[in-house]
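These notes are about the structure you will find just below.
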Amino acid sequence: MWDSESETGGGGGGGRDYGNGAISSTKHALQTDGFELRDRSWYVATDIPSDFLVQIEGVQFHLHKYPLLSRSGKMNRLIYESREAAEVNKVVLDDLPGGPDAFELAAKFCYGIAVDLTASNISGLRCAAEYMEMTEDLEEGNLIFKTEAFLSYVVLSSWRDSIVVLKNCEKLSPWAENLQIVRRCSESIAWKACANPKGIRWAYTGKVPPKVSSPKWTDSSSSPSRNQQPVPPDWWFEDVSILRTDHFVRVITAIKVKGMRFELIGAAIMHYATKWLPGMIKDGGGIHEGSNNSDFSGSGGSSKDQRMIVESLISIIPPQKDSVSCSFLLKLLRMANMLRVAPALVTELEKRVGMQFEQATLADLLIPTTTTTTTTMYDVDLVQRLLEHFLVQEQTAHGNMYDGMAAQRGGGNNHPSAKMRVARLVDSYLTEVARDRNLSLTKFQVLAEALPESARTCDDGLYRAIDSYLKAHPTLSEHERKRLCRVMDCQKLSIDACMHAAQNERLPLRIVVQVLFSEQVKISNAIAHNNHSSLKETGDSAAAAGFYQPMVPNRKTLLEGTPQSFQEGWSAAKKDINTLKFELETVKAKYMELQGELESLQRQFEKATAAAGGGGGGGGGGKKHGSSAWAVGWRKLSMFGKGGGLDGSDHGGDHHHRGAGEGQGSSRKTPARRWRNSIS
């Protein structure tokens, strides 16, 4: 993907010239025409026979002792320590950083053969030189010095070379870390990424034709070329996204220190996640074994590799709100649950989602259950926790709004609107998960009641969720259905929702009556409000009286604007309401009549008691009369309590209570019978 860059014609110290990145050692050099590869063995093209064999990862190098001893402290020590061994002329160096390729370049340097230093080989050669102890103590201008100079003066001044070297350091741990190559490349990349885009003069991925080396780094004060197109602020995303996760984290950390805007940092993290986590663009559809994550550890993108990526990304997300989208956070949370990420990081991610929960969508919230202890299809408990985090942070933000000058800036306007958006989101979520037969009534009710009443101005969404739950759970008892409907406020239903509820056989009868009464109150209030507004606008009573006449056509127009199904249903509902009102008035009249008769009976009983207490010849007659009146009253009350109404009382007490009115007896029978039919 990357071409070597040679941005500087020279670099290094001590007056040494590196030309085009080629270095060599001419002191004590053995005359040779180069190296020759035969099968998996390297031979020196010289007439002098080889007397030393070095084997690295199955590749053999047939060399000579003297060139190696004069420039490598490690070779000098190994040969000296093994001088009494049987195979003193053979050394195995399988732990050499950079492998056979790096050793080949180091061996050529020892023989005085020119070596081309590039961004692709400099990191491995620098680590190999350190491993072989090719220091200045053995020879001035040894390999450590020259590779270090090339890194400092050539690589770190180039954008693409810094990326390439950092990418190659993935195979050189821990040598690249200990030699500060990773740190220096990360800081170089961060410094250039934070530069003013107007001052960028180097190539980056996708913006220049291939095989064109990057121009030199120039200061942002330089005037841009006329033909150069404007550089977008995300120009560095693609280049940085090729890095391994731990190196990407180092770069992002360095960029944070430089003070880059958190929105750009968050966008870079999302770009990286989209590239290396296939589940982020496949709606969290599980672990993708064939992804490009094989570049990280060669394990085919296992769940362990993806878990490491997710944990790393969670740890570097900027703490500011809106640094990344809520959709990205929820998809990351979905993968974190599937990959069994550390609980502390999952909790932190849930709090981050709560900060911007009002930005979520229904599709993002439909996170499948990952635990074996839960039988529901979707993780309702997770959404409950997210909602709780949102409410806690909203309450904190609302409390802080009145501190200082925040209230004057109108920050409180977003507080109710955020809750309203969350309420609509929760209602949609409840409607979706209500179809799950394994969802318990308690979980549904707790989630529905988690938001305060002020968050919902209309309960239509909640009604749809309740209706969906009743459809999916037809075996609910009457008590459970009443408990379910208790989370809904009938006064917050729209006209269409009221009409649907009035004809919904799944709802308890008590809820249907509440819906009908609340809708009648709404229409009455609306008509009264229109009348009041019309009278107020006329200004004088005469004009007001004239304007009040055509209110009936206005009401007719209002009803005609509603659906035909509503008009038909409302006519039937209105008849039921009038019937209920009439029966209620009848019961009230009966109650008042019985109350009067009870008071009359009490007075008669008191008189009879007084007469009995006076003794004399008339005591027996008074007692008999009092007992008869009490018995008649008791029979009337008993018959009404058993459902007989007042019908039976007219037969037994007609000659005792003619004052109650015989003409009313027949009129009381029919309403009483209608009331019994209505109740049954």
Hey, what do you get for [atom1] ([X]) to [atom2] ([Y]), rounding to the nearest 0.5 Å?
| X | Y | atom1 | atom2 | answer |
| --- | --- | --- | --- | --- |
| L151 | I181 | CG | CD1 | 5.5 Å |
| D381 | L386 | CG | CG | 11.0 Å |
| K192 | L156 | NZ | CG | 7.0 Å |
| I163 | I189 | CD1 | CD1 | 3.5 Å |
| M355 | L329 | CE | CG | 9.5 Å |
| T118 | F150 | OG1 | CZ | 6.5 Å |

_Check the orientation of F248 and Y272. Use parallel for under 30°, tilted for 30 to 60°, and perpendicular for over 60°._
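Aromatic pair F248/Y272 classed parallel.
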
Would you name the heavy atoms of [X] and [Y] that are closest together and state the gap between them?
| X | Y | result |
| --- | --- | --- |
| L125 | L117 | CD2-CD2, 3.4 Å |
| I265 | M260 | CD1-O, 3.8 Å |
| T376 | T369 | O-OG1, 2.9 Å |
| T370 | M338 | CG2-CG, 4.0 Å |
| G266 | P318 | N-CG, 4.3 Å |
| V164 | A119 | CG1-O, 3.6 Å |

Are the side chain of [X] and the backbone N or O of [Y] linked by a donor-acceptor pair below 3.5 Å?
| X | Y | value |
| --- | --- | --- |
| E104 | F61 | no |
| R244 | E170 | yes |
| T147 | L143 | yes |
| E394 | K419 | no |
| N121 | D101 | no |
| D379 | P368 | no |
| S157 | V154 | yes |
| E36 | W42 | no |
| S315 | S312 | yes |

*asked:* What verdict does the side chain to side chain contact (heavy atoms under 4.5 Å, CB included) test give for R250 and C185, after you've listed the backbone C-alpha separation in whole Å, the side-chain angles of each residue and the deciding distance to 0.1 Å?
replied: CA-CA 10 Å; R250 294 285 293 270; C185 288; over 6 Å; no

*List the steps and the verdict of salt bridge (charged side-chain N to carboxylate O under 4.0 Å, His left out) for R385 and E350.*
CA-CA 8 Å; R385 293 195 301 270; E350 291 177 357; 3.1 Å; yes

*For the pair F35 and Y111, evaluate ring-ring contact (aromatic ring centres under 6.0 Å, His included) and give the outcome as yes or no after the intermediate values.*
CA-CA 10 Å; F35 281 27; Y111 278 88; 5.6 Å; yes

*Donor + acceptor pair across side chains of K351, T347 (<3.5 Å)*: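 On atom types as modelled, these side chains do not qualify, holding no pair under 3.5 Å.
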
*Just checking, is any N or O donor in the side chain of D364 or S327 under 3.5 Å from an acceptor N or O on the other one?*
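Side-chain D/A pair, D364 to S327: present.
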
*Does NZ belonging to K171 count more than 12 external heavy atoms closer than 6.0 Å?*
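Open: at most 12 neighbouring heavy atoms sit under 6.0 Å from NZ of K171.
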
Do [X] and [Y] make a side-chain contact, defined as non-hydrogen atoms from C-beta onward lying under 4.5 Å apart?
| X | Y | result |
| --- | --- | --- |
| K146 | F109 | yes |
| F328 | I317 | yes |
| F103 | L63 | yes |
| S123 | W175 | no |
| D161 | I122 | no |
| W276 | T245 | no |
| L365 | E432 | no |
| W236 | I255 | yes |

*Should M308 and D246 be marked as a side chain to side chain contact (heavy atoms under 4.5 Å, CB included) after you check the CA-CA gap, both sets of side-chain angles, and the distance that decides it?*
CA-CA 9 Å; M308 182 267 296; D246 55 340; 5.9 Å; no

*Stepwise, does the side chain to side chain contact (heavy atoms under 4.5 Å, CB included) test hold for V383 with V426?*
CA-CA 9 Å; V383 177; V426 171; 5.7 Å; no

*Would you sort out whether E358 and K321 count as a salt bridge (charged side-chain N to carboxylate O under 4.0 Å, His left out), showing the intermediate values?*
CA-CA 12 Å; E358 69 276 7; K321 183 180 179 181; 3.2 Å; yes

Would [X] and [Y] pass as an ion pair if we require N to O under 4.0 Å?
| X | Y | value |
| --- | --- | --- |
| K275 | E238 | yes |
| E148 | R184 | yes |
| R352 | E348 | no |

*Just do the salt bridge (charged side-chain N to carboxylate O under 4.0 Å, His left out) check on E130 and R126 with the steps written out, would you?*
CA-CA 6 Å; E130 190 73 21; R126 173 65 183 90; 2.9 Å; yes

*Go through the steps to decide whether I252 and K256 satisfy the test side chain to side chain contact (heavy atoms under 4.5 Å, CB included), and finish with yes or no.*
CA-CA 6 Å; I252 293 298; K256 286 183 180 179; 4.2 Å; yes

